[in-house]
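To keep things clear, I will list the structure first and then write my remarks on it.
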Amino acid sequence: MNVRRVTLAVAAFFVIAMGITCVSDLRNDQTTTDTTATTSLVDTLNYDPHSGLVVDTTLGLVVANCSGCHSTELIRKSRFTRDGWIAKIRWMQKEQNLWDLGKNEKSILDYLEKYYSPSSLDARAQMRREPLDDIQWYDYQ
Amino acid sequence: MNDYHNRRGFLKKSAITTLASLVGTKIMFAENIPARVTPLPLLSDSVDGKDPEMTVLSDRPMNMEAPAHLLDDPVTPINKMFIRNNGLPPVKESIDRSAWTLTIDGESVKQKRTYTISELKQRFKPHTYQLVLECGGNGRSGYYPPASGNQWSQGAVHCAAWTGIRLKDILADVGLKDNAVYIGYYGKDIHLSRDAKKVVISRGVPIKKALEDETLIAWAVNGDDIPLFHGAPLRLVIGGWPASVSGKWLHTISVRNIVHDGPKMGGSSYRVPVIPVQPGEKVEETEENFRIIESMPVKSLITHPKSGAVLSSNRSLSVRGHAWAGDLEVTEVNVSIDYGCTWQKANLSAPKNRLAWQQWSAKIDFPQNGYYEIWVKATDSKGVSQPMVMPQWNPKGYLNNACHRIAVKVVV
């Protein structure tokens with residue numbers, strides 16, 4: 001999905017600052033596959049080449065519990081609050097045969113809230129349409 | 001996922017080489033493939049023949065859409081048709097066209113009946129219609145706060161030519177009771193949990209819509225057998241309504257004496273709040289709070305040129321695209337290059353048949369060099385037109401018919 005928000009450079013600066021303080025186990029030169037955060041933030045996070053998800057000590061748990069039925073793209077392209085993620089889990093437990101996550105649920109929610117919450121998009125609430133971005137200019141004949 | 005991308009999300013050189021060998025040609029402008037996009041040939045061998053520029057939102061279940069400029073044809077070619085699957089398609093080898101049957105049952109049929117495909121072809125007159133099928137969530141990515149579901153841009157729509165028999169002809173053959181209210185389809189797709197007892201999706205339409213001439217039981221699209229991902233070998237095809245009413249891998253249609261109650265009919269699925277809500281507002285999922293989406297709203301696309309055109313020799317430009325309006329017809333299309341301050345009326349063709357999209361075109365003269373956005377806005381036969389801003393927010397992010405726009409730079 002889109003990465004961008006040149007206009008949000010100031011906000012991005014704070015996000016990056018937070019990202020650096022939050023993410024302790026940085027490893028260099030991992031494959032980046034997706035984020036909707038800023039490009040700069042992308043550079044501070046590591047992405048698992050198989051799942052495309054942010055590398056973190058909880059990643060194994062997330063992959064084990066959350067990719068049996070669906071692609072991890074569904075996680076990578078979603079942004080929900082903690083309550084929103086809880087609602088998703090409850091729905092999957094009710095409708096899709098997802099098992100009880102037990103004591104792992106808190107860790108999984110911590111992970112989802114940290115990396116896949118809508119906060120990076122909050123500025124969008126200020127506008128009813130964003131400026132066009134990711135324009136690939138080409139010579140028109 | 002894969003490791004085709006470098007740390008900035010662009011394709012690695014090795015991935016471009018692999019891609020070139022798969023498609024058998026040099027990949028022009030590979031460095032311009034947008035970040036985090038995986039070109040189709042690298043992704044999966046299960047969607048043979050799709051255009052490499054299609055955007056995959058999810059590969060399990062398979063969901064992909066077309067960038068607007070791919071939809072330039074008046075009749076959408078199969079390789080540019082979006083795919084929205086809720087579950088997994090039946091295994092290709094399990095589909096036997098000669099053994100496949102369609103059963104018509106339910107509380108409101110006089111007797112249950114089953115037909116083979118060849119019986120359908122022999123007994124009933126075939127018809128071909130160009131029909132707009134648009135995902136109810138097309139445009140969802142434009143909503144804030146973000147809504148749950150595939151984050152469609154604007155390409156989950158197509159208008160192909162479907163061939164089959166009218167549902168009303170087969171229902172007349174079976175015989176309906178007076179109390180028929182709704183129809184519901186059942187298909188042979190596989191639930192993501194692999195639980196064979198679970199129905200993936202079973203939706204439908206009121207009996208009045210089901211009995212329209214254009215409602216088809218189709219076996220062909222654009223003159224060929226329906227491909228696996230689009231519902232082989234039989235599909236219910238209903239234009240103008242959320243495409244989820246057009247059931248794939250169709251084996252049964254139930255004629256109901258109640259509003260059909262299959263999976264994805266209730267709760268907030270393909271429904272919007274009865275009362276306009278504040279963006280982000282929680283709405284309790286009750287029958288009273290939500291209504292089923294019926295006709296899709298008026299909408300239009302700019303399919304030529306592709307966004308990003310740099311004009312260096314001429315300050316005029318021919319633009320074109322399609323417009324459609326659910327059950328209604330489009331009566332006017334306008335374009336603007338000044339963010340809606342002024343509008344220029346476009347030429348507009350009549351639809352090939354009811355529920356087909358219509359072609360529009362306009363010649364734009366730019367007053368001076370610079371950056372422009374071309375916006376397009378359609379108006380339907382009831383005088384309703386598209387909003388330029390995000391429309392009424394709803395919890396599942398349906399019905400975003402905000403105006404489409406492209407970027408153009410004039411550097412003469």
Side-chain angles (χ1 to χ4, degrees), chain A residues 1-3 28-36 39 42-43 45-53 67-74 76-81 83-84 87-88 91-92 95-98 118 121-141, chain B residues 1-10 12 29 32-36 38 56-63 141-142 144-146 148-151 153 191-195 198 263 279-280 305-314 317 371 373 387-391 402-403 405-409:
Chain A
M1 292 294 296
N2 296 333
V3 214
N28 292 328
D29 207 29
Q30 286 274 342
T31 303
T32 294
T33 47
D34 183 50
T35 177
T36 61
T39 306
V42 171
D43 291 344
L45 294 176
N46 295 319
Y47 290 80
D48 171 46
H50 299 291
S51 64
L53 295 170
S67 65
C69 292
H70 60 75
S71 161
T72 52
E73 286 191 79
L74 223 47
R76 294 189 300 108
K77 292 186 174 167
S78 296
R79 293 293 180 276
F80 297 113
T81 61
D83 284 348
K88 286 285 134 200
W91 177 81
M92 286 185 280
E95 301 287 347
Q96 306 282 331
N97 295 356
L98 174 63
L121 301 174
D122 277 351
R124 288 175 57 180
Q126 304 303 319
M127 33 186 136
R128 300 283 289 189
R129 294 292 293 270
E130 296 172 281
L132 279 174
D133 66 357
D134 285 352
I135 300 166
Q136 314 280 321
W137 294 109
Y138 65 96
D139 284 331
Y140 180 78
Q141 298 303 325
Chain B
M1 276 311 301
N2 54 62
D3 56 357
Y4 295 125
H5 299 89
N6 64 23
R7 59 197 292 272
R8 287 192 175 271
F10 292 97
K12 287 178 182 171
F29 309 115
N32 292 345
I33 292 173
R36 278 154 291 280
T38 307
V56 176
L57 304 183
S58 157
D59 60 353
R60 189 163 48 100
M62 179 56 74
N63 290 292
S141 61
Y144 187 92
S148 182
N150 288 296
Q151 296 300 307
S153 181
H191 199 268
L192 289 178
S193 67
R194 315 292 167 120
D195 183 341
K198 280 187 177 285
K306 176 182 163 184
S307 185
V310 178
L311 276 59
S312 53
S313 59
N314 198 331
L317 176 66
Y371 172 89
E373 289 180 11
M388 292 183 71
V389 299
M390 182 179 85
C403 292
R405 57 195 165 141
I406 61 168
V408 172
K409 208 186 280 183

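Residue numbers start from 1 in every chain, and the chains themselves are labelled A, B, ... in the order their sequence lines are given, proteins ahead of strands. Heavy atoms only: backbone and side chains are in, while hydrogens, waters and symmetry mates are out.
- Scanning all heavy atoms of the two residues, the minimum distance from B/Ala407 to A/Ile135 falls at CB-CD1, 3.5 Å.
- In this structure, the side chains of A/Gln96 and B/Lys198 stay at 4.5 Å or more apart for every pair of heavy atoms.
- The CD atom of A/Glu73 sits 12.5 Å away from the CD atom of B/Gln151 when rounded to the nearest 0.5 Å.
- Judged as a side chain to side chain contact (heavy atoms under 4.5 Å, CB included), and not counting sequence neighbours, the contacts of B/Pro145 are B/Pro279, B/Trp393.
- Chain A forms the most heavy-atom pairs under 4.5 Å with one residue out of B/His191, B/Arg405, B/Glu373, and that residue is B/Arg405.
- In terms of modelled atom types and a separation under 3.5 Å, the side chain of A/Tyr138 and the main chain of B/Lys306 share a donor-acceptor contact.
- Between A/Cys69 and B/Arg60 the shortest heavy-atom distance is O-NH1, 3.4 Å.
- Scanning all heavy atoms of the two residues, the minimum distance from B/Leu57 to A/Lys77 falls at O-NZ, 3.4 Å.
- For the pair A/Tyr140 and B/Val408, the minimum side-chain heavy-atom distance is 4.5 Å or more.
- A/Gln141 contributes atom CD, which lies 9.0 Å from atom CG of B/Leu311 (distance to the nearest 0.5 angstrom).
- Taking every heavy atom of both residues into account, A/Leu132 and B/Ile406 meet most closely at CD1-C, 3.8 Å.
- In terms of the side chain to side chain contact (heavy atoms under 4.5 Å, CB included) criterion, residue partners of A/Lys88 (sequence neighbours excluded) are, by chain and number, A/Phe80, A/Trp85, A/Met92, B/Ser148.
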